[in-house]
Amino acid sequence: GESVNVFLPYVELPNVSGLKAEVSGRTVTLSWNLPQDANLTGIRVIRNGEEDAAINLPANVTTYEFKGQPMDQDLTYTVQAVFNTYYASKGVSVKTIVPYITPKMGFVMTASSVGQLPDDDERAAAAWFLMQPNSELVQISEIANLDADIYPVLWIMIDRVGLPLGWENLPSDLVKDETITALKQYSANGGSLYLSNMATQLTVPLGIVPSNMAPTVYGNGDGG
């Protein structure tokens with residue numbers, strides 16, 4: 001056979017430009033400008049050099065959001081331009097730090113104050129909760145705007161004498177469509193829900209269990 005030596009000169013591929021990192025809570029939002037090249041077929045985003053976990057994006061994307069990022073440590077984000085599907089540019093990097101945020105626990109309120117909760121058990125639960133560190137009362141109307149990185153867990157506690165079985169009979173503000181949607185989105189964003197007593201019935205509208213597996217261990221008497 002015959003051999004031939006070929007020298008392929010290095011060609012530096014165009015990079016993205018203007019890479020920025022903005023920190024909000026534990027979310028880091030990257031933004032950049034695209035190179036003007038007809039062969040651009042994608043964008044590749046890498047955190048801390050972890051190429052095996054690279055994020056592959058379409059060629060027209062100019063921003064990406066990393067949620068729940070580690071706190072109090074150096075973070076490096078690299079954005080590469082990908083050409084003809086296979087060839088990536090050297091990439092541009094930006095460094096940032098997510099400041100430490102003390103997480104809070106939230107107690108979902110169905111009244112404007114602890115004293116206005118309609119049952120003594122709910123008032124006792126809320127009063128005990130407020131004695132715990134990093135605790136905060138959360139109104140139902142605030143759930144949609146909660147950052148799950150700052151409020152990683154919400155406690156919903158319903159315990160009322162005479163309240164009939166069935167999630168539809170829970171406080172109306174708690175089971176209306178807007179609230180259920182907000183709770184689902186909160187969970188999707190990484191938040192955890194602690195449902196206690198009659199509030200366990202929320203597992204049905206939240207899609208955690210089907211309606212034929214709804215909680216049925218139930219008591220609505222005076223208690224002791």
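These numbers were taken from a predicted model, which means no experiment stands behind them. These values consider heavy atoms only, across backbone and side chains, with no hydrogens, waters or symmetry-generated copies.
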[X] side chain near [Y] side chain, heavy-atom distance below 4.5 Å:
X      : Y      : result
Val175 : Glu168 : no
Arg44  : Ile55  : no
Phe83  : Pro14  : yes
Leu206 : Ile180 : yes
Thr27  : Gln69  : no
Trp32  : Val92  : no
Thr85  : Thr41  : yes
Thr29  : Ser24  : no

Ile156: which of Ile143, Leu174, Leu170 passes side-chain contact (heavy atoms from CB on, under 4.5 Å)
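The side-chain contact (heavy atoms from CB on, under 4.5 Å) with Ile156 is passed solely by Leu174 among Ile143, Leu174, Leu170.
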Scan Val98, Ile97, Asn48, Leu75 and name whichever one has a side-chain contact (heavy atoms from CB on, under 4.5 Å) with Pro70.
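That would be Leu75.
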Take atom [atom1] in [X]; do more than 12 heavy atoms of anything else shown fall under 6.0 Å from it?
X      : atom1 : result
Gln139 : CD    : yes
Asn212 : CG    : yes
Asn56  : CG    : yes
Tyr87  : OH    : no
Gln36  : CD    : no

Counting N and O atoms only, with roles assigned by atom type, does the side chain of [X] sit under 3.5 Å from a partner on the main chain of [Y], one being a donor and the other an acceptor?
X      : Y      : value
Tyr186 : Val153 : yes
Asn15  : Gly91  : yes
Ser135 : Phe129 : yes
Asp147 : Asp149 : yes
Glu122 : Asp159 : yes
Ser89  : Ala81  : yes

Is there a path of hydrophobic side-chain contacts, each under 4.5 Å between heavy atoms of I/L/V/M/F/W/Y residues, joining [Y] to [X]?
X      : Y      : answer
Val161 : Leu117 : no
Tyr194 : Tyr151 : no
Leu202 : Val204 : yes
Leu130 : Met157 : yes
Leu30  : Ile46  : no

Option among Thr110, Asn220, Asp121 that satisfies the side-chain hydrogen bond (donor to acceptor under 3.5 Å, both in side chains) test with Arg160
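So, applying the side-chain hydrogen bond (donor to acceptor under 3.5 Å, both in side chains) to Arg160 and each of Thr110, Asn220, Asp121, only Thr110 qualifies.
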Angle class for the Tyr77/Phe66 ring planes (parallel below 30°, perpendicular above 60°, tilted otherwise)?
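Tilted: the ring planes of Tyr77 and Phe66 meet at 30° to 60°.
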Give the ring-plane orientation class for Trp155 versus Trp128, where under 30° counts as parallel, over 60° as perpendicular and anything between as tilted.
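Perpendicular.
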Is the closest side-chain donor-acceptor distance between Thr102 and Asn134 under 3.5 Å?
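Per modelled atom types, Thr102 and Asn134 side chains form no pair under 3.5 Å.
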Distance alone, cut at 3.5 Å: any donor-acceptor contact between the side chains of Arg123 and Gln116?
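Short answer, no.
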Evaluate the salt bridge (Lys or Arg N to Asp or Glu O under 4.0 Å) criterion for residues Lys67 and Glu65: first the C-alpha distance (whole Å), next the side-chain angles of each, then the deciding distance (0.1 Å), finally the verdict.
CA-CA 6 Å; Lys67 294 180 177 292; Glu65 201 175 68; 3.1 Å; yes
